[in-house]
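Below is one structure, written out as structure tokens; comments come after it.
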Amino acid sequence: MYLSVPRILLRHTVVALLNGVITLVILLIAPLGLPAVITHTLLVAGASLVSSALVDGVVRFLSPTPTVMLGNAKVERPASTLSRRQLDDIDRR
């Protein structure tokens, strides 16, 4: 998963906005004042933005880099049951 920095930021922002909308709907049902609802919604959106970025950083840290994956790859030669022949040995009819 190779994304550019603006796309990663966009993904985290979308996650934060969705969590904020869900929290806003839940808090509007509860009998709280409007300032409390707005404050809680902004705090949940900000916390989800930060936690999404932290989790993405942990996943990036734990996933192996392509060079490590290539370094650990084993080269397997195909097992051939046919004997090797020279080009002059080809039967032409």
Side-chain angles (χ1 to χ4, degrees):
M1 181 173 89
Y2 298 103
L3 294 175
S4 63
V5 174
R7 288 188 183 203
I8 291 173
L9 184 61
L10 177 68
R11 183 178 66 183
H12 295 316
T13 305
V14 168
V15 168
L17 288 175
L18 286 175
N19 286 337
V21 168
I22 292 169
T23 304
L24 179 66
V25 169
I26 291 171
L27 288 175
L28 284 176
I29 294 171
L32 296 173
L34 187 60
V37 170
I38 293 172
T39 303
H40 285 96
T41 302
L42 292 177
L43 286 174
V44 166
S48 104
L49 178 66
V50 171
S51 64
S52 175
L54 287 176
V55 168
D56 197 34
V58 169
V59 168
R60 198 175 315 122
F61 174 74
L62 292 176
S63 61
T65 60
T67 56
V68 171
M69 288 172 42
L70 290 176
N72 292 335
K74 294 181 180 177
V75 178
E76 296 183 15
R77 295 193 175 114
S80 176
T81 57
L82 300 174
S83 62
R84 295 184 178 231
R85 296 193 253 177
Q86 299 293 332
L87 289 176
D88 297 335
D89 293 342
I90 297 176
D91 297 327
R92 297 179 193 238
R93 295 179 194 215

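Connection of Val21 to Ile29 is not established within any shared hydrophobic cluster, with ILVMFWY side chains joined at heavy-atom distances below 4.5 Å, either directly or through further cluster members. Leu24 is connected to Leu27 through a chain of hydrophobic side-chain contacts under 4.5 Å among Ile, Leu, Val, Met, Phe, Trp and Tyr, so both are in one cluster. A single hydrophobic cluster is not seen to contain both Val44 and Ile22; linkage of ILVMFWY side chains at heavy-atom distances under 4.5 Å, directly or through other members, places them apart.
Between the CD1 atom of Ile38 and the CG atom of Leu32 there is a distance of 12.0 Å, given to the nearest 0.5 Å. Between Thr13 atom OG1 and Ile8 atom CD1 the span is 11.5 Å, to the nearest 0.5 Å. Atom CG in Leu54 sits 9.0 Å away from atom NE2 in His12 (nearest 0.5 Å). With values rounded to the nearest 0.5 angstrom, Thr23 atom OG1 is found 10.5 Å from Leu42 atom CG.
Put simply, the side chain of Ser51 gets close to the backbone of Ser48: a donor and an acceptor are under 3.5 Å apart.
With a 4.5 Å cut-off on side-chain heavy atoms, Asp56 and Arg11 count as touching.
Here the shortest heavy-atom pairing between Ala45 and Gly20 reads CB-CA, 4.3 Å.
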